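Please read the structure below before turning to the comments.
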Amino acid sequence: RRCFRANGQVYYGDVVEAEDGACVRHGQGLQIYTATTVSGEPVVWGRYKGAWKDGRMTGTGSYRWSDGSAYDGGMLDGRPHGQGRMAWPEGSHYD
């Protein structure tokens, strides 16, 4: 397991070493996406916890947005794919 920060993102989880020596997310991990407001304040705008393959969200995982929206289910190449549930803060959801 490794923890690293790059381009406003923090990752903690399983990695493999690429041919060039770089760490590639692969296995189970937690990715935290951050940004900076116009006034310079750091904010967390999303979190993904789940499976990674060759540096992409692939497999089963959970994505949480800062507005309270959430997706739980299958992912393929960084996008929701297959079975899953999208839920919004006001209580509606799509299975």
Side-chain angles (χ1 to χ4, degrees):
R1 296 199 147 242
R2 294 246 178 112
C3 182
F4 58 87
R5 178 181 208 112
N7 301 322
Q9 302 177 21
V10 178
Y11 177 78
Y12 176 74
D14 299 328
V15 297
V16 293
E17 192 170 319
E19 290 181 18
D20 65 359
C23 289
V24 177
R25 296 166 291 200
H26 193 89
Q28 293 293 310
L30 169 66
Q31 177 82 46
I32 301 172
Y33 297 93
T34 62
T36 304
T37 65
V38 292
S39 62
E41 296 178 48
V43 294
V44 172
W45 61 268
R47 299 171 189 263
Y48 172 76
K49 185 175 185 178
W52 293 85
K53 183 177 179 185
D54 298 325
R56 294 188 171 160
M57 294 178 278
T58 297
T60 302
S62 298
Y63 199 106
R64 303 284 183 264
W65 286 267
S66 61
D67 69 354
S69 299
Y71 174 79
D72 295 294
M75 302 288 280
L76 180 63
D77 292 330
R79 295 180 178 203
H81 181 80
Q83 295 292 316
R85 177 184 177 103
M86 183 71 200
W88 289 271
E90 86 284 347
S92 64
H93 62 86
Y94 181 79
D95 292 306

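Quantities reported herein were computed from a predicted structural model and do not represent experimental measurements. The chain is numbered in sequence order, starting from 1.
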Side chain to side chain contact (heavy atoms under 4.5 Å, CB included) for F4 and Y12? Distances and angles first, verdict last.
CA-CA 7 Å; F4 58 87; Y12 176 74; over 6 Å; no
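- Less than 6.0 angstrom separates the ring centroid of Y11 from the ring centroid of W52.
- Under the 3.5 Å distance criterion, the side-chain polar atoms of R25 are matched with a main-chain donor or acceptor of G55.
- Although no hydrogens or angles enter the test, the distance criterion places no donor-acceptor pair under 3.5 Å between the side chain of T36 and the main chain of G40.
- A distance-only check finds no donor-acceptor pair linking the side chain of D14 to the backbone of H26 [under 3.5 Å].
- You'll find the side chain of H81 stays beyond 4.5 Å of the side chain of M75, heavy atoms only.
- Residues K49 and Y63 form no side-chain contact, since every pair of their non-hydrogen atoms from C-beta on lies 4.5 Å or further apart.
- In this structure, R64 pairs ionically with D72, as a charged nitrogen and a carboxylate oxygen lie closer than 4.0 Å.
- Shown here is Q83, whose CD atom has no more than 12 heavy atoms of other residues, nucleotides or ligands within 6.0 Å.
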Go through it in stages, so that I can follow the logic: the residues are S69 and M86, the test is side chain to side chain contact (heavy atoms under 4.5 Å, CB included), and I'd like the CA-CA distance, side-chain angles, deciding distance and then a yes or no.
CA-CA 7 Å; S69 299; M86 183 71 200; 3.9 Å; yes
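- Under 3.5 Å, the side chains of R47 and Q31 contain no donor-acceptor pair of N or O atoms.
- Judged purely by atom type and a 3.5 angstrom limit, W45 uses its side chain to pair as donor or acceptor with the backbone of T34.
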